[in-house]
*Asks:* 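Quick one: this structure, given as structure tokens, is what I'll be asking you about.
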Amino acid sequence: MSDLLLLALTMNLAAAVAAAVVLALRAPSRRLFGPQVAYGLWALVPLAPLGLLVPARTMRVAAPAGLPLVGIFDATAPATAAAAAGPDL
């Protein structure tokens with residue numbers, strides 16, 4: 001239930017931000033492009049929350065053969081003394 005509530009809140013926030021952007025762009029777009037474009041900007045408000053439902057684009061990168069996978073992304077690599085000490089403050 002909390003995931004659904006979080007999605008509803010983020011979609012509401014996206015619609016509110018889109019409405020604020022349309023309100024800010026309405027007057028300049030009417031002067032530059034005419035009233036049809038100014039009214040057409042309101043179509044962005046319902047599209048903004050729907051954009052949150054589109055899955056994120058992911059890319060798969062193949063590692064070159066023969067190179068060991070060590071570094072910060074390797075969970076099996078032993079921790080070094082510098083990493084165990086923490087960040088420098």
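FYI, the numbering just counts along the sequence from 1.
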*Asks:* Taking L52 as the starting point, is it possible to reach L50 by hopping between hydrophobic residues whose side chains are less than 4.5 Å apart?
*Replies:* yes
*Asks:* Where is the tightest heavy-atom contact between A24 and P28, given as atom of each residue plus distance?
*Replies:* O-CD, 3.5 Å
*Asks:* Report whether M11 and V17 are members of the same hydrophobic cluster (ILVMFWY, side-chain heavy atoms less than 4.5 Å apart, transitive linking).
*Replies:* no
*Asks:* State yes or no: do L5 and L7 share one hydrophobic cluster built from I, L, V, M, F, W and Y residues joined by side-chain heavy-atom distances below 4.5 Å, directly or via other members?
*Replies:* no
*Asks:* Drop me the distance from R30's CZ to Q36's CD, to the nearest 0.5 angstrom.
*Replies:* 9.5 Å
*Asks:* So, for S29 and L25, which heavy atoms are closest and what is the spacing to 0.1 Å?
*Replies:* OG-O, 2.8 Å
*Asks:* Find out whether L23 and W42 are in side-chain contact, i.e. whether some heavy atom of one side chain is under 4.5 Å from a heavy atom of the other.
*Replies:* yes
*Asks:* Can you confirm whether P49 sits close enough to N12 that some side-chain heavy atom of one is under 4.5 Å from a side-chain heavy atom of the other?
*Replies:* no
*Asks:* Is any side-chain heavy atom of L44 less than 4.5 Å from a side-chain heavy atom of V21?
*Replies:* no
